[in-house]
Amino acid sequence: MRETAVNESRPLQWLLIGAALAFLALFLVLPLVAVFVEALRKGVEPLLASYADEDTIAAIYLTLIVAAIAVPLNLVFGVAAAWAIAKFEFHGKSLLISLIDLPFSVSPVVSGLTFVLLFGAQGVFGPWLDAWDIKIIFAVPGIVLATIFVTFPFIARELIPLMQEQGTAEEEAALTLGASGLRTFMTVTLPNVRWALLYGVLLCNARAMGEFGAVSVVSGHIRGLTNTMPLQVEILYNEYNFVGAFAVAALLAGLALVTLAAKSILEWRHAEGLSTARRH
């Protein structure tokens with residue numbers, strides 16, 4: 001009979017646990033601690049002064065604006081896509097699922113380059129956009145488009161398995177009793193997936209604020225205008241402004257820790273529903 005992990009010897013269990021903890025400490029905890037240490041190396045005042053820099057303020061503001069646009073749009077798309085895939089049968093369903101997963105398999109840099117080829121000055125729609133004085137690439141709309149592209153699978157992928165698991169019996173019962181489609185969705189479907197939906201929103205928001213590759217290609221790195229927080233970190237570091245770079249990085253890390261804490265609370269309090277949502 002094959003020995004399971006439960007029946008492993010105690011020394012081997014401790015060895016595996018120790019190896020996992022050492023790996024996490026070396027590649028996750030230490031770099032995270034180093035960010036905060038470097039940000040505070042010269043004291044609190046230089047750290048706060050870094051946040052008062054106009055370009056840094058603009059980068060923080062732009063990051064929040066982009067996330068505030070991308071996440072709600074992905075919320076609408078994710079719910080609609082999950083509803084269609086889980087509740088209806090139609091031709092092309094497999095293709096739609098594959099397209100939703102596309103950003104997971106395409107490099108963010110390649111996706112950013114795709115937008116440049118479409119909307120850049122020499123792109124497919126470039127002359128038309130230029131004629132109407134519409135700026136997408138090297139402007140905020142391009143950053144929003146790139147962010148939406150790399151983040152749109154997160155919410156849909158959290159909802160689809162859970163909705164498929166729940167089936168359509170409850171919705172059919174509500175419709176039979178005379179409820180409208182919208183009322184059925186609001187009172188039956190949405191309450192059943194609310195925690196998975198919130199979990200997907202958290203992941204989507206974290207990726208939106210931390211995206212670098214695709215945004216770097218379409219932004220143009222215009223200081224004070226098209227630099228998000230990750231791009232501002234790169235610029236400050238390349239200019240040897242280490243305190244400023246690590247100050248912005250620490251703020252990003254802090255936002256990530258808040259997201260992680262919210263994610264952990266959701267997993268702890270609603271583990272059964274979330275595990276069902278991630279079963280595939």
Side-chain angles (χ1 to χ4, degrees), residues 63-108 111-112 114-115 141-168 170-171 174 180-211 213-215 228 255-256 258-260 262-267 269-280:
T63 302
L64 296 177
I65 289 296
V66 170
I69 297 173
V71 174
L73 290 177
N74 281 328
L75 171 63
V76 174
F77 168 80
V79 171
W83 174 272
I85 291 171
K87 305 298 182 179
F88 302 99
E89 294 296 331
F90 55 91
H91 296 293
K93 178 188 286 192
S94 298
L95 176 61
L96 178 57
I97 295 174
S98 298
L99 290 176
I100 289 174
D101 290 336
L102 185 62
F104 287 144
S105 57
V106 175
S107 168
S111 65
T114 301
F115 286 109
I143 297 174
V144 172
L145 286 175
T147 303
I148 290 174
F149 179 83
V150 299
T151 58
F152 77 75
F154 287 93
I155 296 176
R157 264 302 168 191
E158 288 298 322
L159 295 180
I160 290 171
L162 181 58
M163 285 187 173
Q164 289 176 330
E165 181 78 14
Q166 292 173 347
T168 61
E170 293 185 12
E171 285 83 1
S180 64
L182 178 60
R183 183 175 179 81
T184 299
F185 173 78
M186 297 298 296
T187 59
V188 178
T189 304
L190 190 59
N192 287 338
V193 300
R194 62 187 184 278
W195 299 118
L197 178 61
L198 181 57
Y199 187 87
V201 168
L202 287 174
L203 295 179
C204 181
N205 184 68
R207 178 63 186 275
M209 291 191 297
E211 175 56 29
V215 171
T228 58
L255 293 173
V258 170
T259 302
L260 179 63
K263 170 178 171 291
S264 299
I265 292 173
L266 277 178
E267 290 178 333
R269 297 190 61 181
H270 308 282
E272 183 177 352
L274 291 173
S275 63
T276 302
R278 297 192 298 272
R279 191 167 290 174
H280 288 332

Checklist entry - Just one of N74, L73, L75 clears the side chain to side chain contact (heavy atoms under 4.5 Å, CB included) bar with C204, so which one? => result N74

Next on the checklist: With side chain to side chain contact (heavy atoms under 4.5 Å, CB included) as the criterion, how do V201 and V71 come out once you've worked through the C-alpha distance, each side chain's angles and the decisive distance to 0.1 Å?
Outcome noted: CA-CA 7 Å; V201 168; V71 174; 3.9 Å; yes

Checklist entry - Taking atom OG1 of T184 and atom CG of L190, what is their separation to the nearest 0.5 Å? => result 12.5 Å

Next on the checklist: To check you understand the geometry: which heavy-atom pair defines the closest contact between K93 and F88, and what is its length?
Outcome noted: NZ-O, 2.8 Å

Next on the checklist: So, taking the atom named OG1 in T151 and the one named CG in N205, what distance separates them when rounded to the nearest 0.5 Å?
Outcome noted: 9.5 Å

Checklist outcome for this item: Nearest heavy-atom contact between A214 and S111 is CB-OG, 3.6 Å

Item to check | Side-chain (T168) to main-chain (E171) donor-acceptor, under 3.5 angstrom | outcome: no

Next on the checklist: Using a 3.5 Å distance criterion without hydrogens, assess whether the side chain of K87 forms a donor-acceptor pair with backbone atoms of G167.
Outcome noted: yes

Item to check | Exercise: identify the closest heavy-atom pair between M209 and A67 | outcome: CG-CB, 3.9 Å

Checklist entry - Taking C-beta and beyond as the side chain, do V79 and L159 meet within less than 4.5 Å on heavy atoms? => result yes

Checklist entry - Measuring from I143:CD1 to I148:CD1, what's the distance to the nearest 0.5 Å? => result 12.0 Å

Checklist entry - If we only count heavy atoms from C-beta on, is the P108 to R207 side-chain gap below 4.5 Å? => result yes

Checklist outcome for this item: Between the CE atom in M163 and the OG1 atom in T189, the distance rounded to the nearest 0.5 Å is 6.0 Å

Checklist outcome for this item: Closest non-hydrogen contact found for T228 with E211 is OG1-O, 4.5 Å

Item to check | I97 side chain near R157 side chain, heavy-atom distance below 4.5 Å | outcome: yes

Checklist entry - Which value, rounded to the nearest 0.5 Å, describes the distance between L255 atom CG and T63 atom OG1? => result 9.0 Å

Checklist outcome for this item: On a heavy-atom basis, the closest approach of L145 and F115 is O-CZ, 3.7 Å

Next on the checklist: Please tell me whether Y199 and F154 form a close aromatic pair, meaning their ring centres lie under 6.0 Å apart.
Outcome noted: no

Checklist entry - Is there a side-chain contact between F77 and I100, using heavy atoms and a 4.5 Å cut-off? => result yes

Next on the checklist: Using every non-hydrogen atom in the two residues, find where E158 and G200 come nearest and quote the distance to one decimal.
Outcome noted: CG-CA, 3.7 Å

Checklist entry - Hey, does T114 have a side-chain heavy atom less than 4.5 Å from the side chain of V106? => result no

Next on the checklist: So, taking the atom named CD1 in I160 and the one named CD1 in I155, what distance separates them when rounded to the nearest 0.5 Å?
Outcome noted: 11.5 Å

